[in-house]
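Both ligands and their constituent atoms are indexed starting at 1 by order of listing. Throughout, numbering of the chain's residues begins at 1 and tracks the sequence.
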Amino acid sequence: MPGPVLVPILGDQLTPDISSLADRKPSDTVILMMEVAEETTYVRHHKAKIALILSAMRHFAEELRAAGWAVDYVRLDDAENTGSFTGEVARAVARHGARGIQATEPGEWRVREAMEQWRTEMPVRVRILPDTRFICPLTDFYEWAAGRKELRMEWFYRDMRRKTGLLMEGDKPVGGKWNYDAANRGGPERGLASPQVPPFKLDAITREVFALVEQRFAGHFGSLEKFGWPVTRQDAETARDVFLKERLPLFGKYQDAMVAGEDFLFHAALSPAINIGLLDPLDLCRRAETEWREGRAPLEAVEGFIRQIIGWREYIRGMYWLEMPGLADANGLNAERALPDLYWTGETPMRCLSDCVRTTRDNAYAHHIQRLMVLGNFALLAGLRPQDVADWFLVVYADAFEWVERPNVAGMVLHADKGRLASKPYAASGAYIDRMSDYCGGCTYNVKAKTGPDACPFNALYWHFLDRNEKALSGYHRLAQPYATWRRLSADKRATYLESAETFLKTLTPAKPGWAR
Ligand code: FAD
Ligand code: DLZ
Ligand code: SF4
């Protein structure tokens with residue numbers, strides 16, 4: 001009798017209809033799930049991220065077993081564990097006398113490279129299948145990108161609307177417009193508070209994982225105290241339904257708002273569940289569309305939400321595979337400053353940064369605008385090294401996988417890809433943060449002051465950034481106005497701005513080596 005086919009399922013592939021299982025029968029298949037040191041430590045992940053993935057993996061193994069599959073589950077503390085996917089797959093092939101290996105392509109370049117090696121390293125045939133949980137196959141994305149000078153998300157998004165039929169009437173967008181972003185710029189109204197994101201009960205499996213994490217990863221960033229992420233499909237579906245009912249209607253309006261201590265506002269907080277496979281992105285979008293069609297959520301909220309998923313999420317994933325491996329080393333603006341320690345400690349009088357680091361530490365989460373316009377914007381203006389910043393973002397968020405964080409960091413935030421992804425850097429001074437948040441009122445710095453020791457550091461850093469990158473950026477149509485303003489300032493005024501920024505930059509203490517890897 002030939003042996004079974006071995007199907008390795010990785011920690012972000014926790015979906016019962018994953019492509020690697022689609023044509024398999026339980027009688028002829030062994031599913032392999034592996035907790036391995038290489039994955040838990042290739043960066044020093046936030047404790048909550050490790051806990052989320054290991055607990056969700058253990059729950060998923062139970063779900064598969066209940067559905068009749070044979071699951072071989074290797075635990076992190078198993079004595080024989082080799083510590084790598086490759087080592088564990090090789091051991092399992094021998095253990096089960098497998099006649100072949102069938103896997104779904106991984107989400108990260110690093111793991112894809114290792115998996116490709118299996119074709120020569122393993123004694124059996126290896127089949128690697130596309131990840132059909134993404135709505136846009138990579139081949140379609142490459143075709144879309146081929147020959148285009150500008151790879152703008154908006155054009156890709158419109159094609160995705162046509163392809164999925166989401167919010168379409170025939171070949172026209174419902175309501176006559178593709179994009180309702182202009183209605184989605186509500187700042188924080190006084191006392192703006194959002195419904196609670198329900199934390200889930202910790203069962204015995206999760207508590208066991210917590211003990212493992214506290215023991216093995218004690219020195220890692222972050223805390224488990226507020227851990228509330230769904231680790232089962234059922235809990236993820238509850239989180240989804242609560243979001244659709246309670247927060248989606250105001251998602252659009254407050255999408256760009258920031259309120260100190262309001263860590264989730266009207267955001268979905270579903271990215272970890274989507275990224276590890278507990279929720280299907282297309283199904284989620286269809287449910288959001290139903291909320292609009294049945295009159296429970298306004299079009300601008302639903303369009304904004306769907307755009308994030310079939311637009312940004314799919315586009316970012318396509319760009320990752322299109323631009324790697326070069327994207328990992330990209331440093332188009334030659335930014336060389338080491339990551340400051342404040343990204344770990346949150347110790348800074350800058351209230352916006354300190355609150356964003358706090359929610360990151362407490363929840364392994366910050367919402368998009370905190371990542372982009374506070375943590376990211378500061379990294380851009382201060383000229384932080386893209387590889388440091390990418391490592392930080394990969395460590396700290398429960399939803400962080402390289403395919404999604406690296407294009408966001410290197411492309412969307414830092415312009416390290418010289419504008420392949422974003423039409424201009426999202427550089428902003430303190431005025432933007434003041435408009436969109438309630439941070440500045442309680443800050444030690446004065447957001448209205450432009451230079452000097454009391455002035456909001458974003459203000460002088462903004463001009464320092466434009467000045468030092470003039471050669472690279474002054475040609476951008478959308479930066480023409482700020483450059484014209486800068487040039488109109490007197491030489492003395494410009495020097496004062498630059499000096500103020502330099503003085504501030506000297507106060508930054510680099511993080512201790514070894515914080516990420
Ligand atoms: P919501 O604001 O409610 O949005 C709904 C969904 O849209 C998200 O769940 C997510 O699936 C998708 N989405 C929205 N924006 C993006 C985007 N720019 N790229 C991809 N998907 C998007 N997202 C990750 O999933 N993992 C990351 O590691 C990650 N790193 C980021 C790093 C930076 C510097 C920036 C600016 C953004 C990053 N994002 C990342 C995108 C975005 O910030 C998160 O997806 C979002 O904050 C997740 O929270 P949410 O579910 O409440 O999202
Ligand atoms: C992130 C992560 C962690 C912390 N641990 C594991 C693990 O022990 N086993 C596993 O299968 N996956 C883990 N993951 C997720 C992987 O890093 C992810 O599947 C790959 O990077 C491919 O995207
Ligand atoms: Fe942030 Fe500046 Fe506002 Fe302080 S004043 S919270 S540093 S933007």
Side-chain angles (χ1 to χ4, degrees), residues 8-13 33-43 45 49-54 57 74 76 85 88 106-108 110-112 153 197 243 247-248 251 255 260 264-276 279 281 284 304-309 311-317 348-355 365-376 378-379 389-390 393-394 396-410 412-414 426 429-434 437 439-449 455-459:
I9 294 194
L10 311 184
D12 57 355
Q13 298 183 336
M33 296 185 66
M34 310 154 267
E35 296 176 2
V36 288
E38 205 166 81
E39 297 308 304
T40 53
T41 51
Y42 72 93
V43 287
H45 307 281
K49 180 179 174 189
I50 304 180
L52 165 74
I53 288 167
L54 299 193
M57 284 175 66
V74 180
L76 202 55
F85 284 148
E88 285 316 291
E108 303 197 348
R110 171 185 66 82
V111 183
R112 174 88 208 201
M153 196 290 289
V197 173
F243 164 69
R247 302 199 301 285
L248 176 63
F251 171 84
Q255 200 178 339
F264 299 95
L265 277 175
F266 294 89
H267 291 271
L270 293 176
S271 46
I274 303 172
N275 291 353
I276 66 176
L279 290 178
L284 179 58
F305 181 72
I306 287 177
R307 174 152 31 94
Q308 302 312 311
I309 297 194
W312 278 113
R313 185 173 188 271
E314 294 284 328
Y315 167 80
I316 285 282
R317 188 250 185 169
T348 163
M350 301 174 78
R351 187 168 179 236
C352 51
L353 268 179
S354 146
D355 189 59
Y365 178 87
H367 62 70
H368 184 65
I369 215 71
Q370 293 174 316
R371 298 188 204 194
L372 182 65
M373 298 312 295
V374 177
L375 296 156
F378 185 81
V389 182
F393 274 94
L394 191 57
V396 300
Y397 293 117
D399 61 20
F401 294 90
E402 198 196 30
W403 68 264
V404 53
E405 74 77 31
R406 193 174 292 277
N408 270 299
V409 169
M412 177 115 77
V413 167
L414 296 181
Y426 283 83
S429 68
Y432 175 88
I433 296 173
D434 192 27
S437 79
Y439 286 137
C440 302
C443 183
T444 313
Y445 291 111
N446 177 358
V447 72
K448 302 269 189 284
C456 166
F458 279 103
N459 293 339

Run the numbers for me: atoms of ligand 1, each under 4.0 Å from some heavy atom of I316, listed by number.
19 (N)
Can you tell which part of F305 has a heavy atom less than 4.0 Å from ligand 1: side chain, backbone, both or neither?
side chain
For D399, does its backbone N or O pair with a side-chain atom of N275 as donor and acceptor, under 3.5 Å?
yes
Side chain or backbone, does D12 bring an N or O within less than 3.5 Å of an N or O on ligand 2?
yes
If you measure from each heavy atom of Y397 to ligand 1, is any distance below 4.0 Å?
no
Can you name the nearest heavy-atom pair linking A269 to F264, along with the distance?
CB-CD2, 3.7 Å
Under a 4.0 Å heavy-atom limit, does I53 contact ligand 2 with its side chain, its backbone, both, or neither?
side chain
Residue from Q255, R313, H267 passing side-chain contact (heavy atoms from CB on, under 4.5 Å) with Q308
Q255
Take E108 and Y42 through the side-chain hydrogen bond (donor to acceptor under 3.5 Å, both in side chains) test and state the conclusion after the steps.
CA-CA 12 Å; E108 303 197 348; Y42 72 93; 3.3 Å; yes
Is there a donor-acceptor contact under 3.5 Å from the side chain of Q13 to the main chain of L10?
yes
Just going by heavy-atom distances, which of N408, V409, V404 is nearest to atom 35 (C) of ligand 1?
N408
Residue N275 vicinity, atoms of ligand 1 by number, heavy atom under 4.0 Å
24 (C), 25 (O), 26 (N)
Whether R247 side chain and A268 backbone form a donor-acceptor pair below 3.5 Å:
yes
Using heavy-atom distances only, which candidate in M153, R247, H267, E314 approaches atom 2 (O) of ligand 1 most closely?
H267
N/O/S atom of C440 inside 2.8 Å of atom 3 (Fe) of ligand 3, strictly under:
yes
Between N408 and V404 (side chain of the first, backbone of the second, donor and acceptor by atom type, cut-off under 3.5 Å), is there such a pair?
yes
Strictly under 2.8 Å, is atom 1 (Fe) of ligand 3 approached by any N, O or S atom of C443?
no
Answer yes or no for F251: is there a heavy-atom contact with ligand 1 below 4.0 Å?
yes
Sub-3.5 Å N/O-N/O distance, V36 and ligand 2:
yes
For a quick test of reading the model, state the closest non-hydrogen atom pair linking I276 to G11 and the distance between them.
CB-O, 3.8 Å
On a heavy-atom basis, which atom in C443 and which in P349 lie closest, and how many Å separate them?
SG-O, 3.5 Å
Among non-hydrogen protein atoms, atom 3 (O) of ligand 1 lies closest to A268 N, 2.8 Å
May I ask you to identify the nearest protein heavy atom to atom 11 (O) of ligand 1, giving residue, atom name and distance to one decimal place in Å?
R313 CD, 3.5 Å
contact_flag A366 ligand 1 heavy-atom lt 4.0 Å:
yes
Is there a donor-acceptor pair closer than 3.5 Å between any side-chain N or O of N459 and the backbone N or O of V447?
yes
Just let me know how R110 lines up against ligand 2, side chain, backbone, both or neither, with a heavy-atom cut-off below 4.0 Å.
side chain
Measure the spacing between CD1 of I316 and CD of E405 and express it to the nearest 0.5 Å.
10.5 Å
For atom 41 (C) of ligand 1, which of M412, E405, H368 has the closest heavy atom?
H368
Answer with side chain, backbone, both or neither: which part of M33 has a heavy atom less than 4.0 angstrom from an atom of ligand 2?
neither
Of the choices K49, E402, E38, E39, which has the non-hydrogen atom that lies closest to atom 20 (C) of ligand 2?
E39
Testing the basics here: between F401 and A398, what is the closest heavy-atom pair and its distance to 0.1 Å?
CE1-O, 4.5 Å
Quick one: nearest non-hydrogen protein atom to atom 29 (C) of ligand 1, plus distance?
R371 NH1, 3.3 Å
d(I433 CD1, C456 SG) to nearest 0.5 Å is 6.5 Å
How long is the span from the CE atom in M153 to the CH2 atom in W312, to the nearest 0.5 Å?
5.0 Å
Ligand 3 atoms in contact with I433 (distance to a heavy atom under 4.0 Å):
8 (S)
At under 4.0 Å between heavy atoms, what of W403 touches ligand 2? The answer is neither
Within-shell test, A269 vs ligand 1, heavy atom, strictly < 4.0 Å:
yes
Which residue and non-hydrogen atom of the protein lie closest to atom 2 (Fe) of ligand 3, and at what distance in Å?
C456 SG, 2.3 Å
Rounded to the nearest 0.5 Å, what separation is found between the CG atom of L76 and the OG1 atom of T40?
5.0 Å
Rounded to the nearest 0.5 Å, what separation is found between the OH atom of Y426 and the CD1 atom of I369?
8.5 Å
Search all heavy atoms of F458 against all heavy atoms of C352 and return the closest pair with its distance.
CE1-SG, 3.6 Å
Which residue and atom name correspond to the protein heavy atom nearest atom 15 (C) of ligand 2, and how close is it?
F401 CE2, 4.0 Å
Could you list the atoms of ligand 2 found under 4.0 angstrom from a heavy atom of L10?
11 (O), 19 (O)
Does R371 make a cation-pi contact with Y365, if we ask for NZ or CZ under 6.0 Å from the ring centre and within 45° of the axis?
yes
Nearest non-hydrogen contact with atom 48 (C) of ligand 1 belongs to which option: A379, A400, A273, S271?
S271
Nearest non-hydrogen contact to atom 10 (C) of ligand 2 from the set P106, G11, P8, A51 belongs to G11
Side chain, backbone, both or neither: the part of L54 lying under 4.0 Å from ligand 2 by heavy atom
side chain
I need the nearest protein heavy-atom contact for atom 6 (C) of ligand 1: residue, atom name and distance, please.
I309 CG1, 3.7 Å
If we set the cut-off at 4.0 Å for heavy atoms, which region of D399 has an atom near ligand 1: side chain, backbone, both, or neither?
both
With the side chain counted from C-beta on, respond yes when D434 and K448 share a heavy-atom pair under 4.5 Å apart, and no when they do not.
yes
Among all protein heavy atoms, pick out the one at the shortest distance from atom 6 (S) of ligand 3; state its residue, atom name and that distance to 0.1 Å.
C352 N, 3.5 Å
Among all protein non-hydrogen atoms, which one is nearest to atom 22 (C) of ligand 1, and what is the separation to 0.1 Å?
Q308 O, 3.8 Å
How far is atom 16 (C) of ligand 1 from its nearest protein heavy atom, and which residue and atom is that?
W312 CB, 3.9 Å
F243 ring center near F305 ring center (under 6.0 Å):
yes
What heavy-atom pair brings L394 and H45 nearest, and what distance separates the two atoms?
O-ND1, 4.3 Å
Counting from 1, what ligand 3 atoms have a heavy atom of M350 closer than 4.0 Å?
7 (S)
Atom 9 (N) of ligand 2: of M34, Q13, E35, the nearest heavy atom sits on M34
At the 4.0 Å heavy-atom cut-off, does Y365 count as touching ligand 1?
yes
Under 4.0 Å to a heavy atom of V413 - the qualifying atoms of ligand 1, by number
34 (C), 36 (C)
